[in-house]
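Just so we're clear, the structure is a prediction, and the values are computed from it rather than from any experiment. These numbers come from the heavy atoms of this one structure, side chains and all, not from hydrogens, waters or symmetry mates. Letters A, B, ... mirror the listed sequences (proteins, then strands); counts begin at 1.
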Amino acid sequence: MPELPEVETVCRRLATCLPGLVLDDIEIGDPLVSAQSGDELRAALRGRRVVALRRRGKYVIIELEGVLLVVHLRMTGRLLLAPDAGGRPVRFVARFRPATDLLFYDTRRFGRVWAVPAADENRFFAALGPEPFGAEFTTAYLRGALKGRTAPLKSFLLDQRRVAGVGNIYADEALFRARLHPVLAAGAVGPGEAQRLHDALLETLQLGIDHEGASIESFVDPAGERGAFQEILNVYGRVGEPCRQCGAAVERIELGGRGTHFCPACQPLPRGRRLAAGGRAALARRREAQRLAGVGAQPRPPAAPRAGGGGPS
DNA sequence: AGTGGCTCCTGGCGGC
DNA sequence: TGCCGCCAGGAGCCAC
C-alpha cells in the first residue's frame, strides 16, 4: 500500500526524468480513474511543461506550468515508465514529448487522478494535515492534535487530517517503535509519550524512504524496482512470529476495520490506562476468537468443564 | 464535532 | 480439481 515513503520514492524516481518534458496527451483507459473526462484533462494539461515533482501526503504531484497533475495510488496504483502495458489494463497514460509515456496501472481501481489549477492547490489539499517532515509537525502540534480524542491511537494516526501520509504499515511500525499500544485512547497519551510517538513517526517514515518503500502487495517504483522496507518490518504482517526485540509472539487485532499488529510485551497496556471504546471492543473480539480457536488451551483437557481460571471478561 | 461502520474493487487464497 | 466466499485496505460518505 503506497504510503508516504512509497509515494516519495515514486516522486524521486519521476523527478529524474519528467521535468522539462512537455505533456502531449492524456488517454483515459478507465473512466473510474477520474471525475474529469479525458477531454477536460487534455484541455487542462496539454502542451504544458513539467516544472517539478512533488508529494503531499500520499499524493503524487506532477507540477506543470500553471497546473498540477495529481495522482493518488490508493491501494494498488502503480505509475510506471514502461514501453508498453504488458497486457495489463492501463487506467490512464500521460504521454510526454519527447517519447516518454507514464502508465498508470491499478488492479483494484481505487486510484484517482486530477488536473488541479495551481491556484487551487491549497483548496484541493485543505483537508490534509501537516507533512510529517514539515516545520508545522512538531511535538507540540502532535500533543494538541491528540488532546481530548477518544479514538484509538492507531485510528488517529490513519486520519489524514491529523498528519498526512501515514498508512496502515507505518502506523503499526511507528507505534511499535514508540512502545505504545494501538488501542490506547489518543487523548490519554502523555507528553513524554507524544514526544516518543513524534520521533518514532519521523524515524519510521525516514527508514521507509531510505529503503525505497515497502513492496508488500504490488508496490514498485516507476522503473519497476521493488523497495526493501518489508524486509525489516517489526510487526506489520508478522502475526504469530517472534518480536525482533523480545521474542514474544506478534499479535493482530482489527481496529476500525484495519488489521493492526503489535508486540504485547514491547507495547504493553498498563492497568488503568484509558482505552478507546473501539480498542476495548477489538481486544474483546480477539479474546473471543482465541477462545473459539482454542488458543492457549492445553491439549484437550479431558472432562473439566470450563474451570474458571483466567476466564472471560 | 468526533467516532465508527459501510462502501468501493478485484486478485489471491483457504476451505470444501 | 474446481468453485465459492472471504479478505486486504485509503478515503469518502453517512448515521449516531
Can you see if the side chain of Tyr170(A) gets near the phosphate of dG10(C) - specifically, an N or O under 4.0 Å from OP1 or OP2?
no
Rounded to whole angstrom units, what separation is found between the CG atom of Leu255(A) and the C1' atom of dC6(B)?
17 Å
So Gly167(A), base contact, sugar-phosphate only, or nothing? Heavy-atom distance under 4.0 Å.
nothing
Could you check whether Phe110(A) and the base of dG10(C) form a stacked pair, meaning centres closer than 5.5 Å and planes differing by less than 30°?
yes
Between dG10(C) and His72(A), is there an OP1 or OP2 to side-chain N/O distance shorter than 4.0 Å?
no
Aromatic contact, His198(A) with Tyr141(A) (centres under 6.0 Å)
no
In whole angstrom, what separates Arg112(A)'s CZ from dA11(C)'s C1'?
10 Å
Base, sugar-phosphate or nothing for Leu32(A)? Non-hydrogen atoms, less than 4.0 Å.
sugar-phosphate
Show the numbers, then the answer: is there a side-chain hydrogen bond (donor to acceptor under 3.5 Å, both in side chains) between Asp221(A) and Thr9(A)?
CA-CA 7 Å; Asp221(A) 80 4; Thr9(A) 300; over 6 Å; no
Just checking Ser155(A): base, sugar-phosphate only, or nothing, at a heavy-atom cut-off of under 4.0 Å?
nothing
Rounded to the nearest Å, what distance is computed from the NZ atom of residue Lys154(A) to the P atom of nucleotide dG10(C)?
8 Å
Under 4.0 Å, heavy atoms only, any strand: does Arg74(A) hit a base, just the sugar-phosphate, or nothing?
base
